[in-house]
Asker: 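Attaching a single structure in structure tokens format; questions to follow.
No hydrogens, no waters, no symmetry mates; every other heavy atom, side chains included, goes into these values. Everything quoted here is computed from the prediction, not taken from an experiment.
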Amino acid sequence: MDTIYALATARGRAGVAVVRISGPSARRAAERMAGALPEHGRGLRTLRDGDGEALDEALVLTFAEGRSFTGAEVVELHLHGSRAVINAVLARLSEMPGLRLAEAGEFTRQALENGRLDLSQVEGLADLIDAETEAQRRQAMRSMAGGLGEKADLWKRDLLRAMALLEAVIDFAEEDVPVDVTPEVIELLDRCETAMRREMEGVGAAERIREGFEVAIIGAPNMGKSTLLNYLAGRDAAIISDVPGTTRDVIEVRMELRGLPVTLLDTAGLRDSDDEVEAIGIARARSRAASADLRLHLVAPEVYDDGISGPDDIVRIGRADLEADPRPGISGKTGTGVAELLDEIAGRLSERTLGAGVAIRERHRLALRDGILHINRCRNILLEGTMSLDLAAEELRLAVRALDSLVGRVDVEDILGEIFSSFCIGK
């Protein structure tokens with residue numbers, strides 16, 4: 001294992017900056033700058049360059065092998081956070097033989113390789129770094145806690161038990177085996193499949209929390225769509241004009257709504273137009289609205305009851321500040337009806353997150369799907385009564401392999417580069 005180092009905090013002026021060193025030579029490298037260090041603890045030390053000149057007074061933290069984030073020997077240098085100090089310390093480390101600057105995500109990769117984290121926890125850490133809303137933070141924390149790995153281990157234990165029963169029958173095929181193991185094996189398979197399928201079905205909801213929901217604001221020109229968007233955004237994100245066709249492209253505003261990540265889409269006013277550019281904008285509006293999670297229709301009072309609403313639609317009378325109407329309306333100019341609208345949007349979107357579990361990525365769904373496929377094949381072989389127990393046992397081995405890929409024990413090298421490239425250098 002290489003010994004790597006990097007700035008673990010953001011560059012720029014700050015009260016404190018942390019430089020992390022990880023690997024078999026970490027302690028030796030730090031002692032060349034700071035002198036003798038505690039075996040496992042912290043101490044205030046003066047860091048010096050190769051000529052003995054003081055670079056900074058720093059808090060030095062040492063972590064023994066097996067007791068650090070990466071699982072390797074780690075030293076952290078907590079410096080005064082000026083660019084000059086940081087650059088001087090990094091330059092001193094670069095002069096030392098056996099050390100090199102870390103690549104993106106390499107500290108976390110060491111943690112994976114040393115068994116401190118499984119792959120699902122690494123993905124949870126990546127999500128936590130990217131989290132913008134409370135729902136995203138909570139979901140990432142569940143992943144980082146190892147929930148998926150714990151479930152995978154339980155499923156794997158049941159499958160290994162089923163496999164052991166089948167292997168016992170195979171080993172004593174020429175002798176009389178008094179117990180029929182098929183009922184117990186089937187029970188184990190059913191239990192695993194039910195739990196795995198429930199987790200697989202929650203991936204879609206979890207992905208929406210990670211990626212965010214889209215709510216399209218649509219309607220005829222001059223229904224107050226852009227005014228409402230600007231009100232919700234708290235800024236002039238869209239141009240407002242009484243001239244029909246002012247909005248010609250889809251304008252996006254990302255916000256947090258009751259802890260959920262939501263992107264609001266202001267779309268071109270829907271009408272028949274001979275203007276080529278406006279027509280393109282209207283086509284885009286229809287397309288984005290069709291794929292959005294929810295559509296907010298702003299309509300005139302006379303078309304409110306025209307059956308526009310569906311399960312993914314909310315209808316409001318637009319520009320409610322201009323005329324009184326007992327039916328639900330909204331105004332981005334006065335704020336009329338906005339709180340009620342946000343509550344309804346948040347309620348509908350929250351319902352879609354109820355099924356989210358600890359499997360949160362498409363990769364997880366595919367691994368679970370493959371495991372369930374092999375479980376079903378094993379069950380079918382047993383129910384057919386063909387006594388092809390060796391084939392049934394092989395299907396269970398493939399199911400276990402699918403679970404191992406879920407947490408990164410096998411078949412994941414091709415995705416590691418993509419995952420770690422999303423990390424910063426110091427992580």
Side-chain angles (χ1 to χ4, degrees), residues 208 212-258 260 262-352:
R208 300 312 290 155
F213 295 91
E214 285 192 348
V215 177
I217 307 173
I218 59 178
N222 290 337
M223 279 292 106
K225 300 185 296 299
S226 297
T227 304
L228 176 61
L229 181 79
N230 289 346
Y231 182 92
L232 295 174
R235 58 186 175 88
D236 292 335
I239 297 173
I240 298 175
S241 169
D242 290 332
V243 179
T246 299
T247 301
R248 298 197 171 197
D249 206 348
V250 178
I251 300 173
E252 302 183 6
V253 170
R254 192 169 178 86
M255 62 183 295
E256 180 176 352
L257 182 56
R258 309 296 191 264
L260 296 174
V262 177
T263 299
L264 298 173
L265 309 176
D266 180 24
T267 61
L270 304 181
R271 66 170 182 167
D272 294 328
S273 175
D274 295 328
D275 186 304
E276 182 179 355
V277 176
E278 184 183 358
I280 293 173
I282 292 171
R284 289 183 179 180
R286 294 185 188 279
S287 176
R288 288 298 297 275
S291 62
D293 298 285
L294 280 178
R295 285 164 292 280
L296 169 62
H297 297 262
L298 299 189
V299 300
E302 59 269 21
V303 299
Y304 180 83
D305 297 316
D306 284 359
I308 298 172
S309 180
D312 295 325
D313 297 276
I314 298 174
V315 181
R316 291 289 190 274
I317 294 174
R319 305 177 73 174
D321 55 292
L322 298 182
E323 53 184 306
D325 194 292
R327 295 168 297 185
I330 195 161
S331 170
K333 182 173 291 186
T334 64
T336 300
V338 170
E340 294 81 0
L341 171 67
L342 294 180
D343 285 340
E344 182 171 355
I345 292 174
R348 292 208 192 184
L349 296 182
S350 295
E351 289 177 0
R352 303 188 187 190

Asker: For residues Ile345 and Leu294, determine if any side-chain heavy atom of one lies less than 4.5 Å from a side-chain heavy atom of the other.
Answerer: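 Yes, close enough: below the 4.5 Å cut-off.
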
Asker: Counting only N and O atoms by type, is there a donor-acceptor contact under 3.5 Å from the side chain of Arg352 to the main-chain atoms of Asp293?
Answerer: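 Yes.
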
Asker: Quick check: closest heavy atoms across Arg295 and Ala290, and the distance to 0.1 Å?
Answerer: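 Residues Arg295 and Ala290, closest heavy atoms: NH1-O, 3.6 Å.
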
Asker: Decide yes or no for Leu296 and Leu228: does some side-chain heavy atom of the first lie under 4.5 Å from some side-chain heavy atom of the second?
Answerer: yes

Asker: Just wondering, do Leu232 and Leu342 contact through their side chains at under 4.5 Å, heavy atoms?
Answerer: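 Yes, close enough: below the 4.5 Å cut-off.
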
Asker: Please round to the nearest 0.5 Å and tell me the distance separating atom OH of Tyr231 and atom OG1 of Thr334.
Answerer: 7.5 Å

Asker: Between the side chains of Asp343 and Arg258, is the shortest nitrogen-to-carboxylate-oxygen separation below 4.0 Å, so that they form an ion pair?
Answerer: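 Result for this pair is yes, salt bridge flagged.
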
Asker: Mind checking the CD1-NE2 spacing from Ile218 to His297? Nearest 0.5 Å is all I need.
Answerer: 4.0 Å

Asker: Checking Ser350 now: which residues fulfil side chain to side chain donor-acceptor pair (under 3.5 Å) with it, not counting sequence neighbours?
Answerer: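 None.
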
Asker: Taking all non-hydrogen atoms of both residues into account, name the closest pair between Pro301 and Ile317 and its distance.
Answerer: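 Result for this residue pair: CG-CG2, 3.9 Å.
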
Asker: Rounded to the nearest 0.5 Å, how far does CG of Leu341 lie from CZ of Arg316?
Answerer: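 Going from CZ on Arg316 over to CG on Leu341, the span is 5.5 Å.
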
Asker: Hey, what do you get for CG (Asn230) to CG (Leu264), rounding to the nearest 0.5 Å?
Answerer: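 Those atoms lie 11.0 Å apart.
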
Asker: Mind listing the closest non-hydrogen atom pair of Phe213 and Leu349 along with its distance?
Answerer: CD2-CD2, 3.6 Å

Asker: In the structure I gave you, are the side-chain heavy atoms of Val315 and Val299 within less than 4.5 Å of one another anywhere?
Answerer: yes

Asker: Can you name the closest pair of heavy atoms from Leu265 and Glu214 and give their distance?
Answerer: CD1-OE1, 3.7 Å

Asker: When you measure from the side chain of Arg319 to the backbone N and O of Lys333, does any donor-acceptor pair fall under 3.5 Å?
Answerer: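 Such a contact is absent between Arg319 side chain and Lys333 backbone.
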
Asker: Show the nearest heavy-atom pair for residues Leu298 and Gly318, with the distance to one decimal.
Answerer: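 Reported closest heavy-atom pair: CB-CA, 4.3 Å.
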
Asker: Quick check for you: to the nearest 0.5 Å, what is the distance between Ile330 atom CD1 and Thr227 atom OG1?
Answerer: 11.0 Å

Asker: Testing the basics here: between Ala320 and Gly329, what is the closest heavy-atom pair and its distance to 0.1 Å?
Answerer: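 Heavy atoms of Ala320 and Gly329 come nearest at CB-C, 3.9 Å.
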
